[in-house]
Amino acid sequence: MEVELAFSGWSGIFVLALYGALMLGVGVFAYLRNRGMRESLDEYYLGGRGLGVMVLFFTFFATQYSGNTVIGYPPTAYRMGYQYLVSVPFFIMIIMVYLFFAPRLYALGRRFSLLTPVDWIELRFRSKSVSILAAILMLYGLANYLLEQFVAIGQGVSGLTGGTIPYQVGVIFFIVIMVAYSWLGGMRSVAYTDTIQGIALLFGVFTLLIGSLYYFGGLPSAAAYMQANAPEKLNPPDAAGLTRWFSLLVLVGIGAAIYPHAVQRIFSAKSEATLKRSFIRMAYMPFLTAGVVFMVGIIGIAAFPGLSTANSEQLVGIMANALANQNTFFYWAMVLLFGGVIAAIVSTADSVLLTFSSIISNDLYGRYIKPDASEYQKVLAGKLVGLAAVAILIVIAWYPPATLYQIFVLKFEVLIQVAPALILGLYWTRLNARAVFIGMLAGAVMAGVFTFMGYRPLGIYSGLWGLVLNTGICVVGTLLAGAGTAEREHAREVIGFRYG
Amino acid sequence: MKPRMSEPVRKRRVWIGFVVLFVLINPWYFASDAGSTLVLGIPVWALTVLGASLLLSIFITWTIKTQWQTDSDELYGG
């Protein structure tokens with residue numbers, strides 16, 4: 001069942017064109033205000049380490065909440081019932097995990113002018129193999145993440161315009177705009193557009209909730225329906241469900257906190273106070289986003305009962321359709337909602353692309369290929385390789401390979417394997433670089449193999465099994481081999497602080 | 001000059017608070033058929049998890065405000 005959106009067509013095209021023009025305008029504005037940013041890695045990739053509270057908050061928001069939060073979470077709540085309430089605490093866990101490493105990483109970022117997560121790993125371990133492996137894992141995970149966003153943009157644009165704009169044209173239109181404003185304004189463009197996109201998304205989500213409560217009935221009527229027809233959807237998780245719940249909290253908490261593009265935002269903060277205020281605001285956003293879309297999914301259980309798994313994936317479109325037919329206000333509110341969803345997808349993609357380019361610029365080209373290049377050349381190299389990667393990913397998005405497609409689904413599972421190097425390295429002076437390398441490689445291979453085989457022992461996600469093996473090798477390897485005197489002295493110098 | 005660091009990860013009270021709240025946001029302490037007890041149309045177990053989640057957000061706020069201070073901005077600019 002492909003839902004034909006009642007509000008699609010020219011009004012959808014109008015909103016998307018308006019949105020595209022606004023984003024380009026932001027890119028030109030950021031460029032005109034900081035013409036010299038192309039000469040400096042710091043200026044281009046970190047906004048000159050000067051992002052204020054509001055912009056930093058929304059750019060963190062954009063890295064964690066995407067269009068999938070609005071389109072994908074309600075159908076899951078529809079199918080799982082209250083057991084999908086885990087989506088609220090797992091977003092809070094991300095901020096909790098930040099508190100275990102962000103204070104140190106921010107201070108070290110200031111002290112050593114760190115630009116990327118790989119920059120930190122290179123500074124800490126002084127190991128070419130560890131740095132290159134971390135860079136490859138990050139680039140691989142980020143590329144797959146970007147691919148997922150491109151596919152979602154195409155589907156979103158095609159759906160919102162009722163097929164008037166075909167999938168391919170939608171992808172090209174938004175990617176050209178995204179690349180243009182990112183190219184012009186770097187991190188500042190990305191962060192400013194994230195702010196606009198975040199506000200659009202929040203407006204759309206709240207309108208959807210208010211409309212759903214008003215026209216489809218609230219949670220009591222949904223509960224009455226479930227008690228009569230699907231009482232299991234009201235129950236807490238059983239033993240297997242609790243294992244999934246626990247492993248989701250850990251996997252998402254650690255995985256999303258060490259997203260390379262999220263870590264980079266720690267370095268972009270104007271000051272420690274700015275970073276702290278942004279985190280405090282982020283701690284409450286799960287209730288206003290994941291909590292709200294969860295309620296929409298629960299209301300949908302009673303409002304549109306009996307949808308099959310495939311049909312339930314269209315739940316938000318079905319609900320938005322019904323609301324758009326009520327009156328003019330909800331018609332335009334739903335157009336803006338779907339425009340906001342596409343905006344949110346683009347805002348996630350632009351952050352990922354910028355970080356992808358920065359790892360190329362700083363960690364591969366600037367460190368190993370041409371260390372004596374000027375910062376302008378390093379920025380340009382990152383932009384050009386980023387552009388080439390985008391072109392390749394567009395081809396993959398249009399012609400998905402019939403076989404080996406699973407190599408494109410590994411994101412979280414791979415990115416999380418950098419966690420021991422990133423976090424343990426902040427605290428443990430004895431941590432052995434070779435153990436870190438072997439652990440990272442073994443964890444990534446294990447997570448990949450388990451994912452391909454669909455193997456999930458004890459119901460725990462493959463990325464988490466990889467992380468357990470990875471951390472185990474790091475700890476045992478370090479306890480057995482230790483670190484040399486010079487390495488420990490270097491580590492003490494890098495991660496030494498005055499306490500009190 | 002190394003920065004002065006007062007950080008959550010070195011505070012026992014932060015670890016205790018985190019472990020207690022982490023235990024509470026996992027609904028292991030409800031029977032698996034506890035969904036029939038409702039308040040305002042929401043299962044009590046779900047309200048409890050939401051309450052624990054809100055407490056975790058408040059705990060994060062308290063931790064950031066009182067348990068995290070460095071002088072890195074004074075030393076290195078910011």
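Here is the naming used below: chain letters follow the sequence lines, and residue numbers restart at 1 for every chain. The model shown is predicted, which means the values in this text are computed figures rather than measured ones.
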Could you look at [X] and say if it's the side chain, the backbone, both or neither that has a heavy atom under 4.5 Å from chain B?
X      : answer
A/V250 : side chain
A/Y427 : side chain
A/E232 : neither

**Report entry** Heavy-atom side-chain contact between B/S72 and A/R111 under 4.5 Å
**Finding:**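 Answer no - side chains too far apart.
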
Query raised in the report: Given side chains that start at C-beta, do those of A/P286 and B/S53 come closer than 4.5 Å, heavy atoms only?
Result: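 Answer no - side chains too far apart.
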
Query - Max heavy-atom pair count under 4.5 Å with chain B, selected residue of A/I95, A/L108, A/L249, A/D238 - result: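 Ranked by heavy-atom pairs under 4.5 Å with chain B, first place is A/L249.
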
Which atoms of [X] approach chain A - backbone, side chain, both or neither, heavy atom under 4.5 Å:
X     : result
B/A31 : backbone
B/W45 : side chain
B/W62 : neither
B/L50 : both

Could you pull out the closest heavy-atom pair between [X] and [Y], with the gap in Å?
X      : Y      : value
B/L40  : A/L219 : O-CB, 4.4 Å
B/V9   : A/F100 : CG2-CD2, 3.7 Å
A/P236 : B/F30  : CG-CB, 4.0 Å

Report task. For atom OH of A/Y214, decide whether the heavy atoms of other residues, nucleotides or ligands shown that lie under 6.0 angstrom number more than 12. Result ->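 No, OH of A/Y214 has 12 or fewer neighbouring heavy atoms, counting only those of other groups under 6.0 Å.
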
Any donor-acceptor pair under 3.5 Å from [X] side chain to [Y] backbone:
X      : Y      : result
A/W245 : B/I25  : yes
B/K65  : A/R277 : no
B/S57  : A/A283 : yes

Do any side-chain atoms of residues 222-230 of chain A form donor-acceptor pairs under 3.5 angstrom with protein atoms, and if so which ones, sequence neighbours left out?
from: A/N229; atom 1: ND2; to: A/Y225; atom 2: O; distance (Å): 3.0

**Report entry** Spacing of A/L426 atom CG and B/E7 atom CD [to the nearest 0.5 Å]
**Finding:**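 So the CG of A/L426 and the CD of B/E7 are separated by 9.0 Å.
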
Report task. Carefully, step by step, assess A/Y284 and B/T61 under the rule side-chain hydrogen bond (donor to acceptor under 3.5 Å, both in side chains). Result -> CA-CA 9 Å; A/Y284 297 93; B/T61 303; 2.8 Å; yes

Would you tabulate the side-chain donor-acceptor contacts of residues 81-90 of chain A under 3.5 Å, counting partners in other chains and residues two or more places apart, or write 'none'?
from: A/S87; atom 1: OG; to: A/Y84; atom 2: O; distance (Å): 3.0

